[in-house]
Amino acid sequence: MDLRIFSYLPNPRIWKATITARLCGITIDVRGTEPQDLSEWLWDFDAHPIDEGERPGIAAFARQSRMGFGVKQLYKTDSFLVANPFGTVPTAFSPDGSIGIFESNSIMRAVARLGAAACPLYGEDAYSASRIDGFLDASLVFSRDAQIYLLALLAGNVNKDIYESADAALHTYLGGLDRALSPSRSCLVGNSLSIADICVVSELALFLQERSHEDTLRDLGLEPITGHVINEHYPLITNHFRTLCQHEAFAPDVLPYLKKFAIKT
Ligand SMILES: N[C@@H](CCC(=O)N[C@@H](CS)C(=O)NCC(=O)O)C(=O)O
């Protein structure tokens, strides 16, 4: 394997790496389990379900979760926190575990760099690579408000402020993406697929999870943010998203996820 990734599963953030890997022939070892069971795993390069016998030895690794795991304790080894000082998942590791990589965009960049000879997905030169970085940075800004909104929906404590911040963030994001594809570009940067397209599809698919909370939203007198208005206002990026969902490198990750959450695009 060329890279190991530890995460809860399924997680659209890791598709950034797995889709890139499919396109450029990189082998990724993915470890993880459903989000609610990750508190029963040891967070480590050698991540695994905690065996009852090892509990006394790992007591010192118990840490309070900060984002996305409720009030649960998570068992993060000291070496995991060296690999990823922010202690988040996904976390990736070089094959021998000596280098940790955090932030899903940077994990994707690592895969693209490893596979650059087979498939140039990270730009042809410093200028186009930096333009790609711009889309990755804009995606991270969007994903912050999106994450607060989705986690509030999951926890059942979404409110109007959180909803409105996510709504504004989505419109800003889609507005820029639609403009970037205007008047009829086939990809966000240059003339071929890049990690900018991969990142955007992953972030938008993650956001679509709001659709599985329609009842909660309706109880608050709110509509899902990603209704038909989005398709009407941002036809280029929503078409681009739908087309890429069917692409052979994207479909193995995206389609089962959309099916699991009964999401129509
Ligand atoms: N921007 C980060 C987000 C990662 C993140 O926030 N992960 C949360 C779960 S959604 C986490 O690992 N929380 C660990 C904790 O609460 O200690 C990325 O794209 O990788």
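By convention here, the first residue in the shown sequence is residue 1. When a ligand or atom number is given, it counts from 1 through the structure's own listing order.
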is_close_aromatic(Trp41, Tyr75), centroid dist under 6.0 Å: no

Donor on one side chain, acceptor on other, Tyr149 and Glu210, under 3.5 Å: yes

Within residues 56-70 or reaching into it, pairs that qualify as side chain to side chain donor-acceptor pair (under 3.5 Å) - sequence neighbours excluded: Arg63-Asp78

Partner residues of Ser212 under the side-chain contact (heavy atoms from CB on, under 4.5 Å) criterion, sequence neighbours left out: Gln209, Phe261

Pairwise salt bridge (charged side-chain N to carboxylate O under 4.0 Å, His left out) hits with a residue in residues 193-204, at least two apart: Lys16-Glu203

Ring centers of Trp15, Phe250 separated by less than 6.0 Å: no

Give every pair formed by an N or O atom of ligand 1 and a protein N or O atom closer than 3.5 Å, one pair per line with both atom names and the distance to 0.1 Å, or write none.
residue  : atom   : partner : partner atom : Å
ligand 1 : 1 (N)  : Glu103  : OE1          : 2.8
ligand 1 : 1 (N)  : Glu103  : OE2          : 3.4
ligand 1 : 6 (O)  : Gln147  : NE2          : 2.8
ligand 1 : 7 (N)  : Val89   : O            : 3.0
ligand 1 : 12 (O) : Val89   : N            : 2.7
ligand 1 : 13 (N) : Met67   : O            : 2.8
ligand 1 : 16 (O) : Arg66   : N            : 2.6
ligand 1 : 16 (O) : Met67   : N            : 2.6
ligand 1 : 16 (O) : Met67   : O            : 3.1
ligand 1 : 17 (O) : Arg66   : N            : 3.2
ligand 1 : 17 (O) : Lys76   : NZ           : 2.6
ligand 1 : 19 (O) : Ser104  : N            : 3.4
ligand 1 : 19 (O) : Ser104  : OG           : 2.6
ligand 1 : 20 (O) : Ser104  : N            : 3.0

